[in-house]
There are 2 protein chains.
Amino acid sequence: MSENENSTFCSVNYAFHCIGGKYKGRILWYLHEHKILRYGELKRILNGITTKMLTQTLRELEKDNLVSRKAFHEVPPKVEYSLTKAGEELIPSIDALRAWADRRNAEKPIDNLVLLC
Amino acid sequence: MSENENSTFCSVNYAFHCIGGKYKGRILWYLHEHKILRYGELKRILNGITTKMLTQTLRELEKDNLVSRKAFHEVPPKVEYSLTKAGEELIPSIDALRAWADRRNAEKPIDNLVLLC
DNA sequence: CGGGATCCCTGGCGATACTG
DNA sequence: CAGTATCGCCAGGGATCCCG
């Protein structure tokens with residue numbers, strides 16, 4: 001085993017810091033699918049998320065430069081969210097996870113209500 | 001909520017259920033790197049994890065059939081952990097995340113002490 | 001419409017002690 | 001060596017109300 005183990009460990013930690021949490025993965029994935037989503041559209045798709053969590057999560061994703069926010073200063077307000085380049089680069093990994101989960105569920109269906117959305 | 005009728009299996013949610021949490025990603029990664037690790041070896045590598053968390057996390061990974069446990073009934077006890085086939089199939093995704101984080105850290109070093117190990 | 005501000009509570013996680 | 005068993009914290013997340 002190479003001796004850059006320590007940085008390897010940190011990488012895994014860092015990656016999970018970026019996409020961990022209850023909604024980050026799905027938000028990134030939906031933004032990839034739809035290219036652009038408004039705040040309210042995200043809220044509807046995430047089905048049950050509170051405004052506090054949605055706003056807070058989006059702010060974290062912005063801070064990590066995975067999501068960009070574009071506000072239109074008009075009435076009523078309009079804000080569009082989309083993936084940054086760095087955010088897009090995460091998609092293949094998330095898609096691989098999604099595909100893995102799909103294969104698993106096809107082989108042996110998973111009946112965990114917590115996982116529904 | 002009665003909205004559960006509209007709920008569907010969410011692959012992204014399921015994937016994060018499997019590899020989320022504070023140590024799951026790293027445990028899977030280390031087991032991939034070392035092929036086989038004893039309980040104490042894992043504990044040392046994870047550097048700071050409590051026995052409670054390690055045991056609990058390993059049990060969850062076992063339950064999800066990502067990790068297999070082989071106990072040797074001898075004195076002193078000896079228990080070996082390794083990835084199952086399903087666990088190995090997760091590695092490419094985790095490795096992609098790890099690589100993404102590495103590239104990111106190379107471009108713009110991340111200075112978050114929480115993420116170090 | 002897109003949030004902020006508050007209050008509240010669960011459960012994820014840590015620390016410590018003990019055991020076959 | 002490889003765990004169990006308790007106790008307890010506190011941050012992640014939920015519910016509700018309010019605002020420009």
Side-chain angles (χ1 to χ4, degrees), chain A residues 13 16-27 30-31 34 36-64 67-82 112-117, chain B residues 1-4 10 12-13 16-27 30-31 34 36-64 67-82 112-117:
Chain A
N13 259 5
F16 280 90
H17 156 77
C18 288
I19 66 173
K22 194 167 182 181
Y23 302 101
K24 285 187 177 178
R26 283 165 70 199
I27 289 178
Y30 294 148
L31 285 179
H34 296 82
I36 290 179
L37 283 174
R38 295 180 60 173
Y39 184 91
E41 293 175 324
L42 266 173
K43 185 159 163 47
R44 219 171 312 116
I45 296 180
L46 288 166
N47 188 34
I49 190 174
T50 60
T51 60
K52 176 191 167 186
M53 270 310 294
L54 179 52
T55 301
Q56 174 183 309
T57 306
L58 286 170
R59 294 287 181 274
E60 288 171 18
L61 292 171
E62 266 189 272
K63 193 177 174 188
D64 286 336
V67 161
S68 79
R69 176 181 188 274
K70 185 177 181 184
F72 297 81
H73 300 288
E74 51 189 48
V75 179
K78 175 179 170 183
V79 179
E80 290 182 347
Y81 291 94
S82 57
N112 194 333
L113 292 177
V114 179
L115 305 174
L116 301 178
C117 43
Chain B
M1 294 181 182
S2 56
E3 303 171 10
N4 278 343
C10 181
V12 176
N13 258 4
F16 280 89
H17 156 76
C18 288
I19 66 173
K22 193 168 182 178
Y23 301 102
K24 285 187 178 177
R26 283 166 69 198
I27 289 178
Y30 295 150
L31 285 178
H34 295 82
I36 289 179
L37 283 174
R38 296 180 59 173
Y39 184 90
E41 294 175 322
L42 266 172
K43 184 158 162 46
R44 218 172 315 114
I45 297 179
L46 288 166
N47 189 32
I49 190 173
T50 60
T51 59
K52 177 192 166 184
M53 270 311 293
L54 180 52
T55 301
Q56 173 183 310
T57 306
L58 286 170
R59 294 286 181 274
E60 288 171 17
L61 291 171
E62 264 189 273
K63 193 177 174 188
D64 286 335
V67 161
S68 79
R69 177 181 186 273
K70 184 178 180 184
F72 296 82
H73 299 289
E74 52 190 49
V75 178
K78 175 179 170 184
V79 180
E80 289 181 349
Y81 290 93
S82 58
N112 192 334
L113 292 177
V114 178
L115 305 174
L116 301 178
C117 10

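Residue numbers begin at 1 in each chain, while the letters A, B, ... track the order of the sequences. Computed from heavy atoms alone, side chains included, the values below leave out hydrogens, waters and symmetry copies.
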(request) Starting from P on D:dG3, measure out to CG on B:Leu42 and report it in whole angstrom. (result) 10 Å

(message) Set out, in order, the CA-CA distance, both residues' side-chain angles and the distance that settles side-chain contact (heavy atoms from CB on, under 4.5 Å) for B:Lys24 and B:Glu60, then state yes or no.
(response) CA-CA 9 Å; B:Lys24 285 187 178 177; B:Glu60 288 171 17; 3.0 Å; yes

(request) Kindly give the heavy-atom pair with the smallest separation between A:Asn13 and B:Lys22, and that separation in Å. (result) OD1-O, 4.4 Å

(message) With a 4.0 Å cutoff (strictly under), does any side-chain N or O of A:Arg59 reach OP1 or OP2 of C:dG4?
(response) yes

(request) Please round to the nearest 0.5 Å and tell me the distance separating atom CG of B:Asp64 and atom CD1 of B:Ile19. (result) 11.5 Å

(request) Could you tell me the separation between the CD atom of A:Glu62 and the C1' atom of C:dG2, rounded to a whole number of Å? (result) 13 Å

(request) To the nearest 0.5 angstrom, please state how far the CG atom of B:Leu46 sits from the OH atom of B:Tyr23. (result) 7.5 Å

(request) Taking only Lys NZ, Arg NE, NH1 and NH2, and the carboxylate oxygens of Asp or Glu, determine whether A:Arg59 and A:Glu62 approach each other closer than 4.0 Å. (result) yes

(message) Between A:Tyr39 and A:Thr51, is there a side-chain donor-acceptor contact under 3.5 Å, judged purely by atom types and distance?
(response) no

(request) Using a cut-off of strictly less than 4.0 Å between a heavy atom of the residue and any atom of DNA chain C, enumerate the qualifying residues of residues 70-81 of chain A by number. (result) A:Pro76, A:Pro77, A:Lys78, A:Val79, A:Tyr81

(request) Please state how far atom CE in B:Met53 lies from atom C1' in C:dT16, giving the value in whole angstrom units. (result) 16 Å

(message) Without decimals, in angstroms, what is the distance between A:Gln56 CD and D:dA11 P?
(response) 13 Å

(message) For B:Arg38 and B:Lys52, find the nucleotide of DNA chain D closest to each by heavy atoms; which residue's nucleotide sits nearer the 5' end?
(response) B:Arg38

(message) For D:dG14 and A:Tyr23 - does any side-chain N or O of the residue sit under 4.0 Å from the phosphate oxygens OP1/OP2?
(response) yes

(request) Whole angstrom is fine here: how far is it from NZ in A:Lys43 over to P in C:dG2? (result) 11 Å

(message) Without decimals, in angstroms, what is the distance between B:Leu37 CG and D:dG3 P?
(response) 13 Å

(message) Rounding to 10°, can you tell me the angle the first-five-pair axis of the helix from C:dC1-D:dG20 to C:dG20-D:dC1 makes with its last-five-pair axis?
(response) 60°

(request) Kindly compute the distance separating CG (B:Leu54) from CD1 (B:Ile45), expressed to the nearest 0.5 Å. (result) 10.5 Å

(message) Rounded at 0.5 Å granularity, tell me how far CG in A:Leu58 sits from CD1 in A:Ile27.
(response) 5.0 Å

(request) Could you state the atom-to-atom distance from CD of B:Glu41 to C1' of D:dA2 in whole Å? (result) 13 Å

(request) Would you kindly check whether a donor in the side chain of B:Thr55 faces an acceptor in the base of D:dT4, or vice versa, at under 3.5 angstrom? (result) no

(request) Would you give the length of the straight line joining atom CZ of A:Arg44 to atom CZ of A:Arg38, rounded to the nearest 0.5 angstrom? (result) 9.0 Å

(message) Does D:dG3 have its OP1 or OP2 closer than 4.0 Å to a side-chain nitrogen or oxygen of B:Arg69?
(response) yes

(message) Expressed as a whole number of angstroms, how long is the span from A:Leu54:CG to D:dA15:C1'?
(response) 16 Å

